[in-house]
Q: 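I am attaching a structure below and will ask some questions about it afterwards.
Fair warning: this is a prediction, and the values are worked out from it, not measured in the lab.
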Amino acid sequence: MPQGKPDIVPDDGLTTRQRRNRPLLMVHTGPGKGKSTAAFGMALRAWNQGWPVGVFQFVKSAKWRVGEERALRVLGDSGEGGTVAWHKMGEGWSWIRRPGADHSDDAREGWAQIKRDLAAETYRFYVLDEFTYPLRWGWLDLDDVVETLAGRPGAQHVVITGRDAPERLVEAADLVTEMGKVRHPMDAGQKGQKGIEW
């Protein structure tokens, strides 16, 4: 897009400024690496604009000490940009579903908190990390999620990450990126490593 000019200007009655500042629902999905990383990069941009940022991590372990969390917390506390709140939903469960472990209540409470924050316009930028998994597993009502996100008030941007995003969520989103995988070291038996995966 040369000079930020769109190829098509819709006949929607909005001014260029209104259209430019319209809040977006974004989805990063697909089998490739980088979905969360890209979302956290956007959170850095939001922080730089002075926007309050809310991160809601689903599925990833609460015990993990990830670089994005530390960096965003330090930046949020710096007083230089926006504030940052980091929420690890539930007990920090893995995306590998283990027998006997039921974290659906944690997912529902996490979604209930997001709904409260959206209604109160607590944040300007939301990262719902690995949020596609509780949707795919049926732990959350997809209709409720899509309707809530579509009807959110104010100027709240939301980015959702995770593989296999449900089609209804993809259809509702303004921006959808599918990360493809060509090759990954884990395919050759190498485990994740510091500085790359966390």
Side-chain angles (χ1 to χ4, degrees), residues 10 12-14 18-30 35-47 49-60 62 68-69 72 76 82-95 97 102-179:
D12 55 10
L14 298 176
Q18 288 171 324
R19 199 174 301 110
R20 174 181 289 152
N21 295 322
R22 191 173 57 85
L24 300 176
L25 173 58
M26 300 158 280
V27 175
H28 296 175
T29 193
K35 296 176 288 293
S36 296
T37 305
F40 293 132
M42 295 174 85
L44 287 173
R45 291 176 175 176
W47 169 83
Q49 294 299 320
W51 298 352
V53 175
V55 177
F56 296 83
Q57 277 197 305
F58 290 78
V59 179
K60 289 178 179 170
E68 296 94 341
E69 178 182 0
L72 281 167
T83 59
V84 177
W86 198 285
H87 307 275
K88 292 185 180 182
M89 313 315 297
E91 298 300 315
W93 20 283
S94 172
W95 58 85
R97 296 173 68 188
D102 181 7
H103 301 284
S104 58
D105 288 342
D106 295 332
R108 283 190 287 277
E109 176 49 37
W111 171 239
Q113 181 60 52
I114 292 165
K115 287 178 72 169
R116 289 189 291 270
D117 285 332
L118 286 168
E121 300 182 53
T122 304
Y123 308 107
R124 178 86 186 267
F125 190 88
Y126 294 72
V127 177
L128 309 188
D129 190 36
E130 309 291 2
F131 190 61
T132 62
Y133 294 99
L135 290 173
R136 295 297 275 181
W137 295 335
W139 291 353
L140 303 175
D141 183 318
L142 181 58
D143 290 335
D144 178 46
V145 168
V146 170
E147 288 169 20
T148 300
L149 293 174
R152 68 194 183 282
Q156 301 176 96
H157 298 279
V158 177
V159 60
I160 294 171
T161 72
R163 294 179 183 218
D164 302 316
E167 190 58 35
R168 286 209 49 231
L169 179 63
V170 168
E171 290 171 2
D174 301 292
L175 185 156
V176 179
T177 299
E178 185 169 3
M179 306 284 188

Q: Start with the C-alpha gap between Glu68 and Gln57, add the side-chain angles, then the distance that decides, and say whether side chain to side chain contact (heavy atoms under 4.5 Å, CB included) holds.
A: CA-CA 12 Å; Glu68 296 94 341; Gln57 277 197 305; over 6 Å; no
Q: If I compare all heavy atoms of Asp174 with all of Pro23, which pair ends up nearest, and what's the gap?
A: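 Shortest heavy-atom contact: OD2-O, 3.9 Å.
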Q: Could you check Glu130 against Arg136 for salt bridge (Lys or Arg N to Asp or Glu O under 4.0 Å), going step by step and ending with a plain yes or no?
A: CA-CA 11 Å; Glu130 309 291 2; Arg136 295 297 275 181; over 6 Å; no
Q: Distance from Lys35 atom NZ to Thr177 atom OG1, nearest 0.5 Å?
A: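 The NZ atom of Lys35 sits 11.5 Å away from the OG1 atom of Thr177.
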Q: So, using side chain to side chain contact (heavy atoms under 4.5 Å, CB included) as the criterion, who are the partners of Ala43 when residues are at least two apart?
A: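 Residues passing side chain to side chain contact (heavy atoms under 4.5 Å, CB included) with Ala43: Val53, Leu72, Phe125, Val127.
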Q: Applying side chain to side chain contact (heavy atoms under 4.5 Å, CB included) to Ile160 and Met26, what does each step give before you reach the verdict?
A: CA-CA 6 Å; Ile160 294 171; Met26 300 158 280; over 6 Å; no
Q: Any side-chain heavy atom of Glu167 within less than 4.5 Å of one from Glu171?
A: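 Sidechains of Glu171 and Glu167: in contact.
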Q: Hey, what do you get for CG (Leu175) to NE2 (His28), rounding to the nearest 0.5 Å?
A: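 NE2 of His28 is found 6.0 Å from CG of Leu175.
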Q: Do the side chains of Tyr133 and Arg163 get nearer than 4.5 Å, heavy atoms only?
A: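 A side-chain contact under 4.5 Å exists here.
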Q: Pair Glu69, Lys88 - check side chain to side chain contact (heavy atoms under 4.5 Å, CB included), show working.
A: CA-CA 10 Å; Glu69 178 182 0; Lys88 292 185 180 182; 3.0 Å; yes
Q: Donor-acceptor pairs under 3.5 Å, side chain of residues 145-156 to any protein atom, not counting sequence neighbours: which ones?
A:
| from | atom 1 | to | atom 2 | distance (Å) |
| --- | --- | --- | --- | --- |
| Thr148 | OG1 | Asp144 | O | 2.7 |
| Thr148 | OG1 | Asp144 | OD1 | 3.3 |
| Arg152 | NE | Gln156 | O | 2.6 |
| Arg152 | NH1 | Leu149 | O | 2.5 |
| Arg152 | NH2 | Leu24 | O | 3.1 |
| Arg152 | NH2 | Gln156 | O | 3.3 |
| Gln156 | OE1 | Tyr126 | OH | 2.6 |
| Gln156 | NE2 | Leu118 | O | 3.0 |
| Gln156 | NE2 | Pro153 | O | 2.8 |

Q: Which heavy-atom pair separates Val27 from Ala165 by the least distance, and what is that distance?
A: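 Looks like CG1-CB, 3.8 Å.
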Q: Would you say the side-chain atoms of Thr29 pair up with the backbone N or O of Asp164, donor to acceptor, closer than 3.5 Å?
A: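 Between the backbone of Asp164 and the side chain of Thr29 there is a qualifying donor-acceptor contact (under 3.5 Å).
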Q: Could you walk me through whether Gln49 and Arg45 satisfy the side chain to side chain contact (heavy atoms under 4.5 Å, CB included) test, starting with their C-alpha distance in whole Å, then the side-chain angles of each, then the deciding distance to 0.1 Å, before giving a yes or no?
A: CA-CA 6 Å; Gln49 294 299 320; Arg45 291 176 175 176; 5.8 Å; no
Q: Rounded to the nearest 0.5 Å, what's the gap from CG on Leu142 to OG1 on Thr132? Could you check?
A: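 Rounded to the nearest 0.5 Å, the CG-OG1 separation comes to 11.5 Å.
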Q: What is the minimum heavy-atom distance between Pro166 and Leu135, and which atoms define it?
A: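 Here Pro166 and Leu135 meet closest at CG-CB, 4.0 Å.
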Q: State which residue, out of Phe131, Trp139, Trp137, fulfils the ring pair (Phe, Tyr, Trp, His ring centres under 6.0 Å) condition with Phe58.
A: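 Answer to the ring pair (Phe, Tyr, Trp, His ring centres under 6.0 Å) test with Phe58 among Phe131, Trp139, Trp137: Phe131.
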Q: Kindly say whether Phe56 contributes a backbone atom to a donor-acceptor pair with the side chain of His87 at under 3.5 angstrom?
A: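 Pair absent, no side-chain N/O of His87 close to backbone of Phe56.
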Q: I'd like to know if the side chain of Thr83 reaches the main chain of Gly76, judged simply by a donor and an acceptor atom lying under 3.5 Å from each other, with no hydrogens or angles considered.
A: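 Looks like no, no N/O pair under 3.5 Å.
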Q: Could you state the interatomic distance from CZ (Arg22) to CZ (Arg19), rounded to the nearest 0.5 Å?
A: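 Spacing of CZ (Arg22) from CZ (Arg19) equals 9.0 Å.
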